Amino acid sequence: RAIKTIGRRLIDELLAMSEMLAGNILLAQSYDEQALEHYTRAIEIRDRQTGDNRYSRAILLENVGYCRLLGGDLDEGIATLLEALDLADAVEDRRCRAECLQDLSYGHLLEDDLGRAESYGERALAVATAERYDDIEENCHYLLGEICGRRGDLEARDAHFARLQDLHPELPFL
């Protein structure tokens with residue numbers, strides 16, 4: 001009986017990981033809806049598991065929230081990202097925290113709530129810079145440049161885009 005229980009746990013763990021990886025591949029290929037289906041199945045598997053799986057749930061919820069933003073479901077996407085952020089904070093996952101903050105900035109930009117978008121973007125940038133998450137730092141400079149441009153702060157916009165250019169001297173057109 002113990003071996004059967006261990007086997008079921010291992011199978012669930014492998015299935016959840018496989019669903020998340022399939023979602024990641026599909027998301028990278030811009031198949032947002034299909035990615036969301038895989039992430040949702042992974043969460044369902046995690047829901048059945050016993051033990052502390054908050055770390056993996058935080059990452060999955062961040063992915064789900066982002067997919068919902070891409071699909072235009074801004075309210076649900078932002079709510080899911082806030083849930084993911086709470087979990088990331090609880091398990092001290094700084095990478096997931098930075099990604100949640102970045103996605104929340106993007107979501108609020110899509111809502112045209114520039115104040116919240118900027119606040120989340122600045123918080124994401126601070127974490128990304130401190131932890132040396134170069135990809136998130138780049139995204140944040142782009143988001144913050146766009147936000148500053150929309151609110152008419154051209155000096156701040158140019159500073160963010162100049163920093164983005166500094167990060168990519170090989171691309172002189174940025």
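If you're wondering where the values come from, they're calculated on a predicted model, not measured in any experiment.
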Q) Taking Y133 for the side chain and R95 for the main chain, is one N or O donor matched with an acceptor at less than 3.5 Å? A) yes
(Q) Using the side-chain contact (heavy atoms from CB on, under 4.5 Å) criterion, which residues pair with Q49? Sequence neighbours excluded. (A) D12, E13, R46, N53
Q. At what distance, to the nearest 0.5 angstrom, does CG of D103 lie from CD of E62?
A. 4.5 Å
Q: Look at the side chain of S18 and the backbone N and O of L14, then say whether any donor-acceptor pair between them is shorter than 3.5 Å.
A: yes
Q.
Taking ring-ring contact (aromatic ring centres under 6.0 Å, His included) as the definition, give me every residue that meets it alongside Y120, ordered by chain and number, with sequence neighbours left out.
A. H108
Q) Do side-chain atoms of S105 reach the backbone of A117 as a donor and acceptor pair under 3.5 angstrom? A) yes
Q. Hey, mind stepping through L101 and I136 against side chain to side chain contact (heavy atoms under 4.5 Å, CB included) and telling me if it holds?
A. CA-CA 10 Å; L101 292 168; I136 296 175; over 6 Å; no
Q.
Using 0.5 Å steps for rounding, measure from the OG1 atom of T40 to the CD atom of E37.
A. 8.0 Å
Q) Hey, mind stepping through R54 and D89 against salt bridge (Lys or Arg N to Asp or Glu O under 4.0 Å) and telling me if it holds? A) CA-CA 10 Å; R54 293 175 298 166; D89 285 343; over 6 Å; no
Q.
Please find the pair of heavy atoms, one from G77 and one from R68, that lie closest to each other, and give the distance.
A. CA-CB, 3.7 Å
Q: Please report the shortest heavy-atom distance between L143 and Q102, naming the atom on each side.
A: CD1-O, 3.7 Å
Q: Kindly give the cluster partners of Y31, where membership spreads through any ILVMFWY side chain lying under 4.5 Å from a current member.
A: L26
Q.
For a 4.5 angstrom cut-off between non-hydrogen side-chain atoms, does D93 reach I59?
A. yes
Q | D158 bridged to R163 by N-O distance under 4.0 Å | A | no
Q: Please answer: with hydrophobic residues joined when any side-chain heavy atoms are less than 4.5 Å apart, are L69 and L82 in the same cluster?
A: yes
Q: Check whether the side chains of N24 and Y39 place a donor and an acceptor atom closer than 3.5 Å, and report yes or no.
A: yes
Q) Can you tell me if CZ on R116 sees more than 12 non-hydrogen neighbours from other groups inside 6.0 Å? A) no
Q: Over all heavy atoms of both residues, which pair between E118 and C148 is shortest? Give the atoms and the distance, please.
A: OE2-SG, 3.8 Å
Q.
Nearest 0.5 angstrom please: T80 OG1 to L60 CG, how far?
A. 12.0 Å
(Q) Would you say that D75 contacts E111 through its side chain, given a criterion of any heavy-atom pair below 4.5 Å between the two side chains? (A) yes
Q: Any chance you could measure L36, atom CG, to D32, atom CG, to the nearest 0.5 Å?
A: 9.0 Å
Q) Are I45 and I11 co-members of a hydrophobic cluster defined by side-chain heavy atoms under 4.5 Å apart? A) yes
Q: Of all the heavy-atom pairs spanning A35 and L27, show the shortest one and how long it is.
A: CB-N, 3.7 Å
Q | Backbone N/O of L125 and side chain of T129: donor-acceptor pair under 3.5 Å | A | yes
Q | Distance, nearest 0.5 Å, that separates CZ of R94 from CD of E92 | A | 9.0 Å
**Q.** I43/V64 under side chain to side chain contact (heavy atoms under 4.5 Å, CB included): CA gap, chis, key distance, verdict
**A.** CA-CA 9 Å; I43 288 172; V64 167; 3.7 Å; yes
Q: Write down the atom of C100, the atom of L85, and the distance for their closest heavy-atom approach.
A: SG-N, 3.7 Å
Q) Yes or no on side chain to side chain contact (heavy atoms under 4.5 Å, CB included) for R150 and D112, after CA distance, side-chain angles and deciding distance? A) CA-CA 9 Å; R150 286 189 187 186; D112 206 31; 4.1 Å; yes
Q | Main-chain N/O of H168 paired with Q165 side-chain donor or acceptor, under 3.5 Å | A | yes
Q: Report whether L114 and Y142 are members of the same hydrophobic cluster (ILVMFWY, side-chain heavy atoms less than 4.5 Å apart, transitive linking).
A: no
(Q) Between D47 and R57 (salt bridge meaning N to carboxylate O under 4.0 Å), is one present in this structure? (A) yes
Q.
Restricting to non-hydrogen atoms, name the atom on L61 and the atom on A84 that form the minimum distance, rounded to 0.1 Å.
A. CB-CB, 3.6 Å
Q | Y106 vs L81, side chain to side chain contact (heavy atoms under 4.5 Å, CB included): CA-CA, chis, key distance, verdict | A | CA-CA 11 Å; Y106 178 61; L81 288 165; over 6 Å; no
Q: Flag the pair L109 / I147 as yes when at least one side-chain heavy-atom distance between them is below 4.5 Å, and no otherwise.
A: yes
Q: Any chance you could measure H160, atom NE2, to H141, atom NE2, to the nearest 0.5 Å?
A: 7.0 Å
Q.
One thing to verify: whether R132 and E137 come together as a salt bridge, which I'm taking to mean a side-chain N less than 4.0 angstrom from a carboxylate O.
A. no
Q.
Tell me whether R48 is salt-bridged to E44, with the criterion being a basic N under 4.0 Å from an acidic carboxylate O.
A. no
